[in-house]
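For this chain, numbers begin at 1 and follow the sequence in order. Keep in mind that the numbers below use all heavy atoms, side chains included, and drop hydrogens, waters and symmetry copies.
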Amino acid sequence: MADEVNKTAFLEIQGRMIELTGKLKQVQNQMRNKEGEKKRAFLTLEELGQLSDDTNTYKSIGRTFVLEPKSVLVNEQEQKMKDSESAIASLQTSKEYLEKQMAEVENNLTELLQQDPGLARQIMSMSV
């Protein structure tokens, strides 16, 4: 009876670990994407800063380019940078939370395997 309870607990912990790993990878990918957006906005701002204020600047909308004042494009890029920074900060908080949960699940798994060495042997024999 206790063996079945431990197997069930192991499967629950395993499922939780798989779920957390997927979520953590997703958050890391989102952070990487936001870092790229932030860098593109920064580089665009640098290029716009080199232009004089009376230079014709164009904004890409799909396959069309629309004439926009330089100040509008600068404001848009600055806003993109701010949005990316806030998103990155939020994602960092999520990442830290998920890492704490992952550590907790790992501790639970370790505790379960130490509690029931027979279960640990069964798991090792299944993976070989």
Fill in: Verify same cluster id: Val66, Tyr58 (apolar side-chain graph, 4.5 Å)
no

Worksheet item: Going by heavy atoms in the side chains, are Gln101 and Leu98 under 4.5 Å from each other?
Response: yes

Worksheet item: Around Glu104, counting heavy atoms of other residues, nucleotides and ligands shown, do more than 12 lie under 6.0 Å from its CD?
Response: no

Item to complete: Using distance alone, with no hydrogens and no angle criterion, decide if Asn107 and Glu111 have a side-chain donor and acceptor under 3.5 Å apart.
Response: no

Practice prompt. Find out if a path of hydrophobic residues (ILVMFWY) with successive side-chain heavy-atom gaps under 4.5 Å connects Val105 to Leu11.
Written response: yes

Practice prompt. Can you see which heavy atom on Pro69 is nearest to which on Thr57, and at what distance?
Written response: C-OG1, 3.5 Å

Discussion item. Please find the pair of heavy atoms, one from Ser52 and one from Thr55, that lie closest to each other, and give the distance.
Written reply: OG-OG1, 2.8 Å

Worksheet item: For Thr93 and Ser90, what are the C-alpha separation, side-chain angles and deciding distance, and is it a side-chain hydrogen bond (donor to acceptor under 3.5 Å, both in side chains)?
Response: CA-CA 5 Å; Thr93 304; Ser90 172; over 6 Å; no

Fill in: Salt-bridge criterion met for Glu37 and Lys34 (N-O under 4.0 Å)
yes

Worksheet item: What distance do Glu99 atom CD and Met102 atom CE have between them, rounded to the nearest 0.5 Å?
Response: 8.5 Å

Practice prompt. May I have all residue pairs that pass side chain to side chain donor-acceptor pair (under 3.5 Å) and include part of residues 59-68, sequence neighbours excluded?
Written response: Lys59-Glu76

Discussion item. Checking one residue: Leu43. Which other hydrophobic residues are in its cluster under the side-chain 4.5 Å linking rule?
Written reply: Phe42, Leu45, Leu48, Leu51, Leu73, Val74, Met81

Worksheet item: Quick one: do Glu19 and Lys23 make a salt bridge, cutoff under 4.0 Å?
Response: yes

Worksheet item: Distance from Leu20 atom CG to Tyr97 atom OH, nearest 0.5 Å?
Response: 8.5 Å

Worksheet item: Which pairs count as salt bridge (charged side-chain N to carboxylate O under 4.0 Å, His left out) when at least one residue sits in residues 45-58, sequence neighbours excluded?
Response: Asp53-Lys70

Worksheet item: CG of Asn108 to CD of Gln115: how many Å apart, nearest 0.5 Å?
Response: 11.0 Å

Response to the item:
The reported gap from NZ in Lys95 to CE in Met31 (rounded to nearest 0.5 angstrom) is 5.0 Å

